[in-house]
Amino acid sequence: MPSILAYQSSEVDWCESNFQHSALVAEFYNTVSNVTFLIIGPLMGSLMHSYIQKRTRYIYCTLAFFVFTGLFSMYFHMTLSFLGQLLDEVSILWLLASGYSIWMPRCHFPAFFRGSRSQFTCMILSGTVLVTFLSLVRPTVNAYALNSIAIHIVYIVRLEYKKTCNKQLRHMIEISVLLWASALISWISDLFFCSFWQRIRFFYLHSIWHVLISITFPYGMVTLALMDATYEMPGQTLKVRYWPRDSWPVGLPYIEIQADDKNC
Ligand SMILES: CCCCCCCC/C=C\CCCCCCCC(=O)N[C@@H](CO)[C@H](O)/C=C/CCCCCCCCCCCCC
Ligand SMILES: [Ca+2]
Ligand SMILES: [Zn+2]
């Protein structure tokens, strides 16, 4: 039985050909494309500083899980090891769990929590610990389960989209869902249509997924922060800004808390 650390001990192997550019790195482009996680995580922490101070410092945990996801994903694609696959999937699970605990609007909690975020967080944390152990049983289904959680997030966001007339929030939701859908299409195409992509020698769809999903994160975070502010920060005015410049045609969104306490 191969060690869980052994190269190619995972059952999953993405479409990119292995060991084409180095004897140490199994999937070169799939490994280096995770660098966006290492840049975007700390950058969002610094850009959203004022928001995080006002809302909750636990958001730094979400950002740390995001960076860990990138690091473990690098390790996974470098080795295609079973341990790499598990660490990659478990870090995504904890990233989503921390996001749920912080930003899930209270009105969508199951009724028996009567709107208590601390009780809801306890349930999410216990469930996540349990699922972390269960993920060892059938690791190949984990990625599908994680994508199902994404569909639940999109469902909640859709309910909020129908409720709001805030143009800024509606725009953020549209871009986030568009980015997530494009990322998901790349992930699915790499997995299910690999023979076609190999025929035309285009092996980069999983790398494109890494870049698109890591850009979805700041858009998703800003969407959730705007959605949540309606319920949790009613006295505050949140402004969406873009890095590096508001005036540039493309940029990463972030939230700034406005000094005045006007409620729109
Ligand atoms: C109210 C809930 C709030 C939760 C907010 C969290 C937003 C999370 C956004 C992005 C998550 C990034 C996850 C990236 C994973 C990268 C590692 C990777 O590629 N792993 C693959 C193997 O290398 C593995 O096969 C991938 C498995 C599927 C991962 C599913 C990720 C779910 C992303 C959820 C995005 C929701 C977007 C909502 C937009 C409004
Ligand atoms: Ca491969
Ligand atoms: Zn990956």
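Order of appearance sets the numbers: ligands from 1, and atoms from 1 within every ligand.
- For R241, the salt bridge (Lys or Arg N to Asp or Glu O under 4.0 Å) criterion is met by D246, E256, not counting sequence neighbours.
- Polar contact check, Y100 against ligand 1: no nitrogen or oxygen pair lies under 3.5 Å apart.
- Ranking the protein heavy atoms by distance from atom 18 (C) of ligand 1 puts W209 NE1, 3.6 Å first.
- Taking each of I151, D88, L95, D190 in turn, the one with a heavy atom nearest to atom 21 (C) of ligand 1 proves to be D88.
- Connection of M123 to V129 is established within a shared hydrophobic cluster, with ILVMFWY side chains joined at heavy-atom distances below 4.5 Å, either directly or through further cluster members.
- Under a 4.0 Å heavy-atom criterion, E89 is not in contact with ligand 1.
- No side-chain heavy atom of W14 sits less than 4.5 Å from a side-chain heavy atom of W209.
- Residue H77 places at least one N or O, backbone or side chain, under 3.5 Å from an N or O of ligand 1.
- Heavy atoms of Y219 stay at 4.0 angstrom or farther from ligand 1.
- Around the Zn ion (ligand 3), the angle linking H206 (NE2) with H210 (NE2) is 100°, rounded to 10 degrees.
- Q258 and T237 share no side-chain donor-acceptor pair at under 3.5 Å.
- Among I173, T216, I92, the residue whose heavy atom lies nearest to atom 17 (C) of ligand 1 is I92.
- Here's the thing with W14: none of its N/O atoms is less than 3.5 angstrom from an N/O atom of ligand 1.
- Close contacts of ligand 1 with L224, meaning ligand atoms under 4.0 Å from a residue heavy atom, involve 1 (C), 3 (C), 4 (C), 5 (C).
- Checked by distance only, ligand 1 and N147 stay at 3.5 Å or farther apart across all their nitrogen or oxygen atoms.
- In terms of protein heavy-atom proximity, atom 7 (C) of ligand 1 is closest to F217 CD1, 4.2 Å.
- I213 has its side chain out of reach of W187: every pair of non-hydrogen atoms, C-beta onward, lies at least 4.5 Å apart.
- Only the side chain of H206 comes within 4.0 Å of ligand 1, counting heavy atoms alone; its backbone N, CA, C and O stay farther away.
- The shortest side-chain heavy-atom distance between E11 and P139 does not fall under the 4.5 Å cut-off.
- A side chain to side chain contact (heavy atoms under 4.5 Å, CB included) with Q85 holds for exactly one of F76, Y75, F72; it is F76.
- Heavy-atom separations between F72 and ligand 1 are all 4.0 Å or longer.
- The shortest distance between side-chain heavy atoms of T36 and I215 does not fall below 4.5 Å.
- Counting only heavy atoms from C-beta outward, the side chains of Y29 and H21 approach each other to under 4.5 Å.
- The N/O atoms of S176, backbone and side chain alike, include none that comes under 3.5 Å of an N/O atom in ligand 1.
- Between R158 and K162 there is a side-chain heavy-atom pair separated by less than 4.5 Å.
- Neighbours of the Ca ion (ligand 2) restricted to protein N, O or S atoms under 3.0 Å: the count is 5.
- With a heavy-atom cut-off of 4.0 Å, F76 touches ligand 1 through its side chain alone.
- Taking each of I156, T62, I153, T223 in turn, the one with a heavy atom nearest to atom 4 (C) of ligand 1 proves to be I153.
- The closest heavy-atom contact to atom 34 (C) of ligand 1, among the options G99, P105, A150, comes from A150.
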